[in-house]
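Letters go in sequence order (proteins before strands), and every chain restarts at 1.
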Number of protein chains: 2
Amino acid sequence: MPKINTNFNNRTVEYEQLLSDFKLLLKKNNLKFTIQREVILETLYNSDEHLTPEALHHLIQKKEPDLKTGIATVYRTLALLEESDVVTSLSFGAQGKKYELGAKEHHDHLICTECGKITEFVDEEIEKRQHVITDELGFAMSDHSMQIYGICAACQKKLKIEGK
Amino acid sequence: MPKINTNFNNRTVEYEQLLSDFKLLLKKNNLKFTIQREVILETLYNSDEHLTPEALHHLIQKKEPDLKTGIATVYRTLALLEESDVVTSLSFGAQGKKYELGAKEHHDHLICTECGKITEFVDEEIEKRQHVITDELGFAMSDHSMQIYGICAACQKKLKIEGK
DNA sequence: GTCGCTGCAAAGTCTTTGCAGAGAG
DNA sequence: CTCTCTGCAAAGACTTTGCAGCGAC
């Protein structure tokens with residue numbers, strides 16, 4: 001498959017915008033706009049979570065049971081979307097890949113190991129340092145992910161009260 | 001029995017220390033100290049790279065061909081070591097996990113999505129900012145991990161030559 | 001001797017691929 | 001109409017598991 005041309009960037013975009021960009025992308029590469037591809041994009045857009053291919057497939061089956069979308073199509077579309085930088089895949093530790101729309105704003109994660117709550121944050125200083133580091137090594141950064149694990153303020157309080 | 005490695009390097013834990021900790025861990029859990037487990041630990045210790053289970057298995061077969069260590073044992077031992085926080089696993093892009101000794105100094109990772117090579121780095125600025133962020137939010141940080149994805153200098157060169 | 005460990009092979013997972021018919025352009 | 005896409009099922013890649021004999025303690 002030829003290298004995909006893309007017009008996407010990292011700004012937060014509305015769905016309509018995303019969709020028309022996607023159609024343009026397809027047209028440019030002589031690919032077809034199918035119901036399946038639209039449903040996959042829409043489901044990704046409407047999810048706030050990082051989805052595994054399987055989770056995405058489940059959501060789609062629930063939303064559009066008549067389509068009988070195959071898991072193979074989900075994988076193929078995710079590969080296409082990833083190559084076009086529409087979605088980003090992340091491996092969060094344990095198993096499998098998870099996908100999220102790359103068009104959403106970048107953020108890092110604070111993860112409470114007590115209650116599982118995930119807080120998003122962005123720190124300009126850190127972002128800057130990352131560029132300094134990669135520039136120094138001639139590394140072309142495409143993405144990064146950072147997770148800080150610990151116990152959130154609420155849980156610390158709770159644990160204190162419980163005398164643990 | 002494999003020889004103890006006495007090379008001078010900058011690891012925070014010497015092999016003998018690691019080995020005796022490992023033996024203690026096994027004893028505590030009523031597990032047995034076997035040649036296979038020792039060879040796996042030693043091979044991990046002597047490798048400067050992040051190893052896939054398969055790569056580790058290959059190294060072991062080359063080093064101790066008479067043992068005929070099975071890949072299943074490698075997987076089982078890695079799972080044991082990971083659960084005991086002796087090794088850490090990293091998942092990078094495409095497929096499979098890679099393992100490294102967790103007893104080394106803390107560091108973050110630069111991951112080349114082209115060749116899979118992992119480069120370690122530590123940046124004091126970033127470490128400091130993490131503390132500032134968590135302190136501000138009253139979050140008790142216990143650990144963190146950061147991965148920067150992109151294309152390493154060597155692969156950029158290679159891709160350029162291939163005209164991609 | 002006991003009971004956990006090991007190698008082997010078989011069974012699971014997860015992901016990709018080949019194919020013939022369906023469908024977008 | 002043409003040529004890409006799709007679902008299905010089969011194949012691959014990677015990892016785990018069942019089992020019978022082996023070996024640490």
> If you check the B:Q36 side chain, which of D:dT6, C:dC8, C:dT6 turns out closest?
Replying inline: C:dT6
>> Rounded to whole Å, how long is the line connecting atom CG of B:L80 with atom C1' of D:dT16?
In response: 15 Å
> Atom CD1 of B:I40 and atom C1' of C:dT6: how far apart are they, to the nearest Å?
Replying inline: 11 Å
>> Output the rounded distance in Å from CG (B:N30) to P (C:dC5).
In response: 9 Å
>> Reading DNA chain D from 5' onward, which residue's closest nucleotide shows up sooner: B:E54 or A:A72?
In response: A:A72
> B:H50 pairs by side-chain hydrogen bond (donor to acceptor under 3.5 Å, both in side chains) with which of B:E100, B:K97, B:K117?
Replying inline: B:E100
> Touch check for A:I71, heavy atoms < 4.0 angstrom, all strands: base, sugar-phosphate only, or nothing?
Replying inline: nothing
>> Do A:T69 and A:V39 make a side-chain contact, defined as non-hydrogen atoms from C-beta onward lying under 4.5 Å apart?
In response: no
> Expressed in angstrom and rounded to an integer, what is the separation of B:K97 atom NZ from D:dT15 atom P?
Replying inline: 8 Å
> Should the ring pair B:F22 and B:F33 be called parallel, tilted or perpendicular, given that the plane angle runs from 0 to 90° and is split at 30 and 60?
Replying inline: perpendicular
> Which of the following nucleotides, C:dC14, C:dT6, D:dT6, is nearest to the side chain of B:R37?
Replying inline: C:dT6
>> Tell me if the NZ atom of A:K63 is crowded by more than 12 foreign heavy atoms within 6.0 Å.
In response: yes
>> Quick check for you: among C:dC8, D:dC5, D:dG7, whose closest atom lies nearest to any side-chain atom of A:T73?
In response: D:dG7
>> Rounded to whole Å, please give me the gap between CG in A:N29 and P in D:dC3.
In response: 18 Å
> Would you say B:T34 reaches D:dG23's phosphate, i.e. side-chain N/O to OP1/OP2 under 4.0 Å?
Replying inline: no
> Is B:K32 touching bases, backbone alone, or none of the nucleic acid, heavy atoms closer than 4.0 Å?
Replying inline: base
> Whole-Å distance between D:dC22 P and B:L67 CG?
Replying inline: 16 Å
> Given B:T77, which of B:V86, B:L44, B:I40, B:L41 fulfils the side-chain contact (heavy atoms from CB on, under 4.5 Å) condition?
Replying inline: B:I40
>> Once you apply a heavy-atom cut-off of 4.0 Å, does B:R76 come out as touching a base, just sugar-phosphate, or nothing?
In response: base
> Between atom CG in A:L24 and atom P in C:dG25, what is the gap in whole Å?
Replying inline: 13 Å
>> What is the distance, to the nearest angstrom, from the CG atom on B:L31 to the P atom on C:dT6?
In response: 10 Å
